[in-house]
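The structure appears right after this line, and notes come after that.
Just so you know, these numbers come straight off a predicted model, no measurement behind them. In what follows, every heavy atom counts, from backbone to side chain, and hydrogens, waters and symmetry copies are set aside.
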Amino acid sequence: MQILIVNVHSAHNAGDDGILRATLADLRQAFPQATLTIAANDPASYRGHIPAAVVGALALHFGDPALGKWRRKFGLGMLMLPLMALAALLYRITGVRLVWGGTVLRETLRAYYQADLVLSCGGGYLFASRPLSPAYLTRLLAIGWALALGKRVVMLPQSLGPIQGGLQQQLARFVLNRVDALIVRESRALDYATQILQLRCPVSCLPDLAFRLQPAPPLALPRTVRVGIVPMDWGAQQPGFTAQTRYETALVELAVQLYREHGISIYLICQCTGPSPEQDDRRVARRLHTRLAEAGAPATVLADFPDAYALSAAYAAMDCVVTTRMHGGILTLISHTPVIVLGYQPKSAGIMQMLGLSEFYLPIEEANGPALAARVHTVIANPAPVRSRIVQAVAQTQAQLAGWPARLAPPGEQR
């Protein structure tokens with residue numbers, strides 16, 4: 001069997017890397033004879049690092065999805081759509097596999113033709129914050145062309161929405177209603193699929209596949225009380241977010257209070273290092289590090305982890321983690337470390353609600369240094385009850401995910 005996984009972003013984002021590594025490991029176990037191929041926005045970041053063949057995403061021919069740049073190529077890429085439609089029709093009727101373009105595009109087209117099953121990678125990418133979003137449209141296209149070719153398509157555990165613009169919502173309905181199965185990863189996404197989009201395709205709910213990662217041994221660090229802070233520059237990624245300065249000030253106030261009042265060691269942990277400058281957490285970490293040094297509260301920056309497993313070792317070494325990146329929360333929880341999540345999208349609230357840990361979630365707009373410091377200190381002062389709840393929640397979540405590849409069999413063959 002040939003399995004193609006589309007809508008893969010970049011290994012520079014350790015959250016995406018965690019989802020993909022867990023997915024590949026389970027697929028290898030369930031289908032040991034299968035050939036696995038991924039189509040990635042940043043293929044160079046994966047080549048030689050994962051047990052699968054790597055090709056470029058279709059989106060590469062509409063812009064630079066890794067850097068979020070579309071203006072120069074998107075219009076030209078749209079001219080390729082009639083040819084893709086003709087190629088799909090020719091393939092469905094005659095079996096002829098029409099390929100064109102340069103080496104990268106030809107590899108991608110062949111991967112689609114050869115696939116027996118197309119999986120849309122788990123994650124949080126099917127949203128559109130503007131009425132016309134090239135990134136969103138190319139993600140739909142990655143699924144839509146597989147459907148046009150007559151391939152079986154399954155959407156692995158997703159967050160879905162919000163999607164701005166009536167046309168973009170209609171396109172979502174048109175494409176997603178034709179997949180074999182849509183799996184969402186939390187109840188808010190389930191509500192969006194069934195109530196807002198009113199999809200007719202089979203929709204079910206499973207936790208994020210990153211929960212399937214094996215926990216790493218804790219990173220060796222000095223024996224002090226340690227708090228990890230996982231920042232991100234959401235203001236650079238989302239120009240409509242105007243609270244970036246206030247958010248960074250809240251993290252500085254949190255760190256300063258924990259250090260001055262409780263002598264806690266502060267670690268600034270960089271989960272994402274690209275591929276675009278806006279997505280590089282090292283930039284915001286350096287800003288925070290400078291401000292903390294000026295305030296007389298030293299901090300250590302931890303960055304450049306080779307993969308999600310290595311990053312999870314840093315989270316495992318903490319006594320508590322305050323993270324803005326959702327997968328920072330997941331990779332912390334699988335080590336049974338207490339975590340407070342500052343959510344920048346609905347997916348974070350949905351994950352924490354699913355785990356029964358909603359009181360450890362706070363919207364990014366409401367981040368407040370003293371309040372966060374008080375909450376962290378309460379957790380650190382009496383961690384046993386929190387850890388007990390986390391152990392139970394993670395165990396239940398992992399039990400839900402056991403044997404998930406069985407869902408990929410055709411309906412008549414599922415057990």
Side-chain angles (χ1 to χ4, degrees), residues 1-11 16-17 19-62 65-66 80-81 83-85 87-88 90-92 95-123 125-126 137-158 175-176 178-183 201 209 404-410 413:
M1 179 166 62
Q2 302 265 358
I3 300 176
L4 174 64
I5 305 175
V6 300
N7 283 323
V8 176
H9 183 46
S10 171
D16 292 346
D17 183 66
I19 294 174
L20 184 62
R21 287 179 181 276
T23 301
L24 293 175
D26 284 346
L27 290 175
R28 282 287 181 206
Q29 185 173 9
F31 308 109
Q33 304 304 318
T35 299
L36 304 179
T37 303
I38 72 164
N41 292 338
D42 185 14
S45 69
Y46 283 110
R47 289 195 175 103
H49 298 290
I50 58 169
V54 181
V55 298
L58 276 177
L60 290 170
H61 309 285
F62 293 78
M80 190 170 68
L81 293 181
L83 182 56
M84 293 177 67
L90 185 65
Y91 176 74
R92 295 286 291 270
V96 171
R97 300 178 177 185
L98 179 64
V99 296
W100 63 91
T103 302
V104 174
L105 178 58
R106 296 170 77 88
E107 285 182 347
T108 303
L109 297 176
R110 290 191 184 102
Y112 271 88
Y113 284 126
Q114 293 166 359
D116 301 299
L117 173 65
V118 176
L119 304 177
S120 191
C121 190
Y125 47 80
L126 278 182
L137 293 173
T138 55
R139 291 161 190 159
L140 274 185
L141 178 63
I143 306 161
W145 201 57
L147 292 169
L149 293 172
K151 305 297 182 178
R152 291 187 60 242
V153 177
V154 175
M155 311 285 293
L156 296 183
Q158 305 278 314
V175 173
L176 298 180
R178 288 162 173 77
V179 303
D180 282 63
L182 166 61
I183 307 173
C201 67
L209 289 178
W404 69 264
R407 295 181 177 227
L408 303 181
E413 299 178 18

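- Pairing each heavy atom of Ala40 with each of Tyr46, the nearest pair is CB-CD1, 3.9 Å.
- No side-chain heavy atom of Val153 sits under 4.5 Å from any side-chain heavy atom of Leu176.
- Between Leu27 atom CG and Met1 atom CE the span is 8.0 Å, to the nearest 0.5 Å.
- Ser45 is linked by a side-chain hydrogen bond (donor to acceptor under 3.5 Å, both in side chains) to Asp42, counting only residues two or more places apart in sequence or in another chain.
- A side-chain donor-acceptor contact under 3.5 Å links Thr108 to the backbone of Gly56.
- Checked against Met155 for a side-chain contact (heavy atoms from CB on, under 4.5 Å), the options Leu126, Asp180, Asn7 give a single hit: Leu126.
- Put simply, the side chain of Thr37 does not reach to within 4.5 Å of the side chain of Gln114, judged on heavy atoms.
- Counting only heavy atoms from C-beta outward, the side chains of Arg139 and Ile143 never approach each other to under 4.5 Å.
- For Tyr125, the side-chain hydrogen bond (donor to acceptor under 3.5 Å, both in side chains) partners at least two apart in sequence or on another chain are Ser120, Gln158.
- Among residues two or more places apart in sequence or in another chain, the side-chain hydrogen bond (donor to acceptor under 3.5 Å, both in side chains) test is passed with Arg21 by Asp17.
- Applying the side-chain hydrogen bond (donor to acceptor under 3.5 Å, both in side chains) criterion to Trp404, with sequence neighbours excluded, gives Asp26.
- For Asn41 against Ala57, the heavy-atom pair with the smallest separation is OD1-CB, 3.5 Å.
- A donor-acceptor pair under 3.5 Å links the side-chain atoms of Tyr112 to the main chain of Ala142, judged by distance alone.
- Summarising the geometry, atom CE belonging to Met84 is positioned 7.0 Å from atom CG belonging to Leu109; distances are rounded to the nearest 0.5 Å.
- When the ring pair (Phe, Tyr, Trp, His ring centres under 6.0 Å) test is applied to Tyr113, the partners found at least two apart in sequence or on another chain are Tyr91, Trp145.
- Between Leu60 and Pro65 the shortest side-chain heavy-atom distance falls below 4.5 Å.
- In this structure, the separation between CZ on Phe31 and CD on Gln2 is 13.5 Å, given to the nearest 0.5 Å.
- Scored by the side-chain contact (heavy atoms from CB on, under 4.5 Å) test, Pro51 finds Leu24, Arg28 as partners (sequence neighbours excluded).
- Residues Leu105 and Met80 meet the side-chain proximity criterion, which asks for heavy atoms closer than 4.5 Å.
- Note that the NE2 atom of His61 and the OG1 atom of Thr138 stand 11.5 Å from one another [nearest 0.5 Å].
- To the nearest 0.5 Å, atom OG1 of residue Thr23 and atom CD1 of residue Ile3 are 11.0 Å apart.
- In terms of heavy-atom proximity, Ser10 sits nearest to Asp16 at O-CB, 3.9 Å.
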Subject >> Worked check of side-chain contact (heavy atoms from CB on, under 4.5 Å) between Val6 and Leu58 >> reply: CA-CA 9 Å; Val6 300; Leu58 276 177; over 6 Å; no
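- To the nearest 0.5 Å, atom CG of residue Leu156 and atom CD1 of residue Ile19 are 9.5 Å apart.
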Subject >> side-chain contact (heavy atoms from CB on, under 4.5 Å) between Val154 and Arg407, intermediate numbers included >> reply: CA-CA 9 Å; Val154 175; Arg407 295 181 177 227; over 6 Å; no
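- Taking each heavy atom of Ala22 and Leu209 in turn, the nearest pair found is CB-O, 3.2 Å.
- The closest side-chain heavy-atom distance from Val179 to Leu147 is below 4.5 Å.
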**OP:** In sequence, state the C-alpha distance, the side-chain angles, and the governing distance for Leu141 and Phe62, and then conclude on side-chain contact (heavy atoms from CB on, under 4.5 Å).
**Re:** CA-CA 11 Å; Leu141 178 63; Phe62 293 78; 3.4 Å; yes
